[in-house]
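To start, the structure under review is shown below, and the notes come after it.
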Protein chains: 2
Amino acid sequence: MYELPQDITQEKPDVFRKKCPARYLLSRVSGKWSMLIVDALHNKNLRNGELMRIIEGISQKMLTQTLRELEEIQLVKRHDMQTVPPHVEYELTELGKSLREKICAMDRWIEENMLELIANNPSIQLKRNKT
Amino acid sequence: MYELPQDITQEKPDVFRKKCPARYLLSRVSGKWSMLIVDALHNKNLRNGELMRIIEGISQKMLTQTLRELEEIQLVKRHDMQTVPPHVEYELTELGKSLREKICAMDRWIEENMLELIANNPSIQLKRNKT
DNA sequence: AAAAGTACGCACCTTTTGGTAACCATGTAG
DNA sequence: CTACATGGTTACCAAAAGGTGCGTACTTTT
């Protein structure tokens, strides 16, 4: 895992610099599941089970782990209702909502341009065998 | 690596669906180095060595590998000048330039909000030891 | 003659990531 | 009394990602 530099405040933010916190944050946000979770949380708070159903293929472990990481960087807020059986909701923070717009813009762009992106692509054909 | 589904054309694009090509594309774009390379290529074509100097910490292997992947999904074009010594330039395609805007928006957002994102964060302090 | 720059490819090995399965506590449904 | 749902945690292991170092081939510089 990427390590933060010793001296945070002296850096001017720059994702191209190896030791800049911005680079660490980019690596968190661009993790396999992070953008999907932020995207899924777009218009309402969701519970663990709901997120599992929306994001096809995520495991319980990775969902929990990624949510904890997103909490750590202030993008997601966890609401534990303290009931039995457990009821926990996840919500985007204000920062999270702000970033969500950038992420959704990317996700929608990819969806819209999907066919162009995979067109005329011999090596992608080769990858089709396993799944 | 994520595998593409058997039947591409029958899918409506949806990053949340495990087998949708959009999900594969998202995983490519959100790879550790992909967004940095696309971001770096913003206003002019760059050579291998220039990219290495701009993107601190990338290895030759990962640079080449990621450039090949970006070529595969039509985001980057490779121009080999066929000279000796070798002169090769990398350029964003039209698709690449279009996506670059979304990526840059994210990168700049992260840089702008960096201090807020890492503020008040005990566990990030713990990660500061190694690098 | 030797070294350095150019843009890689390949093999090897380590680190990181992520999946599976088992477990926990509790309450409700059948 | 048993099964199931809830929202997790933990240990174990396999796979993927990624770094290091070496080799290539040719030219220019020293």
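Scope of the values below: all heavy atoms of this structure, side chains included, with no hydrogens, waters or symmetry mates.
With sequence neighbours excluded, the residues that form a side chain to side chain contact (heavy atoms under 4.5 Å, CB included) with A:Q60 are A:N48, A:M52, A:T64. Remark: B:W109 engages A:S98 in a side-chain hydrogen bond (donor to acceptor under 3.5 Å, both in side chains) (not counting sequence neighbours). Residues forming a side-chain hydrogen bond (donor to acceptor under 3.5 Å, both in side chains) with A:E56 (at least two apart in sequence, or on another chain): B:R17. Here B:K97 pairs with B:E94 under the salt bridge (Lys or Arg N to Asp or Glu O under 4.0 Å) rule; sequence neighbours left out.
Rounded to an integer number of Å, the gap from A:Q82 CD to C:dT26 P is 14 Å. A straight line from CG of A:N45 to P of D:dG7 spans 13 Å, rounded to a whole angstrom. Across the protein-nucleic acid pair, A:L46 atom CG and D:dG8 atom P stand 13 Å apart, rounded to whole Å. Note: CD1 (A:I58) to C1' (D:dG7) measures 14 Å, nearest angstrom.
Salt bridge B:D39/B:R108: present, at least one basic N to carboxylate O contact under 4.0 Å.
For the residue pair A:L92 and A:R100, the shortest heavy atom distance occurs at CD1-CD, 3.4 Å. Here the shortest heavy-atom pairing between B:K12 and B:C20 reads O-SG, 4.0 Å.
Considering only side-chain atoms of A:M62, the nucleotide from D:dA17, C:dG19, D:dG19 that sits closest is C:dG19.
B:S34 contributes no side-chain N or O that, together with a main-chain N or O of B:S30, makes up a donor-acceptor pair within less than 3.5 Å.
Side-chain N/O atoms of B:S59 include none lying less than 4.0 angstrom from OP1 or OP2 on D:dG18.
Residues from residues 29-41 of chain B with heavy atoms under 4.0 angstrom of DNA chain C: there are none.
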Exercise for the section: Sugar-phosphate atoms are those with a prime plus P, OP1 and OP2; base atoms are the rest. Using that split, label each nucleotide of nucleotides 4-11 of chain C B, S or - for protein heavy atoms under 4.0 Å, 5' to 3'. Expected result: -BBSBS--
